[in-house]
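Chain letters run A, B, ... following the sequence lines, proteins first, then strands; residues in each count from 1.
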Number of protein chains: 2
Amino acid sequence: MNAKERFEKFVTRKGLRRTLQRERVLEVFLATERHVTVQELYDLVRKKHSGIGYATVARTVKLMCESGVCRQVDFGDGSHRFEHKHGHEHHDHLICLECGKFEEIYSPELEKIQDRLVRKYGYIQESHKLDVFGLCPRCSKKKRK
Amino acid sequence: MNAKERFEKFVTRKGLRRTLQRERVLEVFLATERHVTVQELYDLVRKKHSGIGYATVARTVKLMCESGVCRQVDFGDGSHRFEHKHGHEHHDHLICLECGKFEEIYSPELEKIQDRLVRKYGYIQESHKLDVFGLCPRCSKKKRK
DNA sequence: TTAGATATTGATAATCATTATCAACTATAA
DNA sequence: TTATAGTTGATAATGATTATCAATATCTAA
């Protein structure tokens, strides 16, 4: 099931309505590979569809998060950014505190241990978010000088 | 080194000044085991020291985070909360999406694998944040009914 | 296909959190 | 003690998010 189907099923299942605006916001969101803020997504949307309002974009982002096609990423700078999961596997983030660059990382081993840990507490895992903060190779070299 | 020493050393090393207000905000913060917002901490501070302003509390929270005695925790509800590390070991969070309750979890194994992964990317780890979202035992039982 | 019920939209106002400003004050070093 | 520069509290400014509402669009049931 792709992201679009997933979102539309979610909307329908919730008794909400499928609208042109929601579809367009979703399309624009899926078409970018950046981690966008609501404002940035709004700007992108406006380039193609000038009639869509900020509130609609914000509301749609919230829905997209609930539906699971979108998730919030926080890199410690206070801004709220969102990324989609279309064509992505799940991944975590490795963020440089110095230059702000980040890597998307993934380790099946890490996932496995996490699963085991969560089950030990009797929880059913829905999702998780791991952000590692540190210094990237370039910045750590600079600092040592 | 306890949290108070750590904070004061940090302040001094940065060329900042030790003030009564900062000390009091820190004391009140360390005295609670809740995950507080700035506003909540401000309210707590005011109960004991009515002269301290909101801005001072907010500024001190920022300093406490930089110094490492405090860290931000986000439970997906949009509010910015802070917890201190006094008398705590490092831990991650297991958060129930249904009732909002959470557990503080820790696994040395998880930490080890994470370290290895980070090194593989050439990064130097400073800190990390793992939040697992799901259903707690009680809520998952309810849902199955 | 149509009508009625109700969700949605866009614009904007309201709210809330965070940050900036500044004059008065105070910690610190010499 | 004094000069310097950081700090404070009050409040204004800013930014982000949410609420409001009249007009409009969607969906369901008949």
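Annotation: side chain of B:Gln125 is in contact with side chain of B:Gln114 (closest heavy-atom distance under 4.5 Å). For the pair A:Val25/A:Phe7, no side-chain contact is recorded, criterion being any heavy-atom separation below 4.5 Å from C-beta on. Between A:Leu63 and A:Leu16, some side-chain heavy-atom pair lies under the 4.5 Å cut-off.
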Set out, line by line, the N/O atom pairs under 3.5 Å between protein and nucleotides 20-23 of chain D.
none

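Annotation: proximity of residues 47-54 of chain A to DNA chain C (heavy atom, distance under 4.0 Å) is found for A:Gly51, A:Ile52, A:Gly53, numbered in ascending order. Contacts between residues 7-45 of chain B and DNA chain C, counted as heavy-atom distances below 4.0 Å, involve B:Arg17, B:Arg18.
Side-chain contact annotation: A:Glu111 with A:His90, donor-acceptor N/O pair under 3.5 Å present. With 3.5 Å as the limit, one finds a donor-acceptor pair spanning the side chains of B:His91 and B:Glu83.
Judged purely by atom type and a 3.5 angstrom limit, A:Arg18 has no side-chain atom pairing as donor or acceptor with the backbone of A:Thr12. Counting only distance, with no hydrogens or angles, the side chain of B:Thr32 and the backbone of B:Phe29 share no donor-acceptor pair below 3.5 Å.
The separation between B:His80 atom NE2 and D:dG15 atom P is 17 Å, rounded to whole Å.
Looking at A:Arg71, A:Lys14, A:Arg59 one by one, the single match for salt bridge (charged side-chain N to carboxylate O under 4.0 Å, His left out) with A:Glu66 turns out to be A:Lys14.
Dashed line: the shortest gap from a side-chain N or O of A:Lys62 to OP1 or OP2 of D:dT17 is not under 4.0 Å.
The structure places CG of A:Leu97 at 9.5 Å from SG of A:Cys139, a figure rounded to the nearest 0.5 Å.
Side-chain proximity of B:Thr56 to the nucleotides C:dA11, D:dT8, D:dT17 is greatest for D:dT8.
The aromatic rings of B:His86 and B:His84 sit tilted, their planes meeting at an angle between 30° and 60°.
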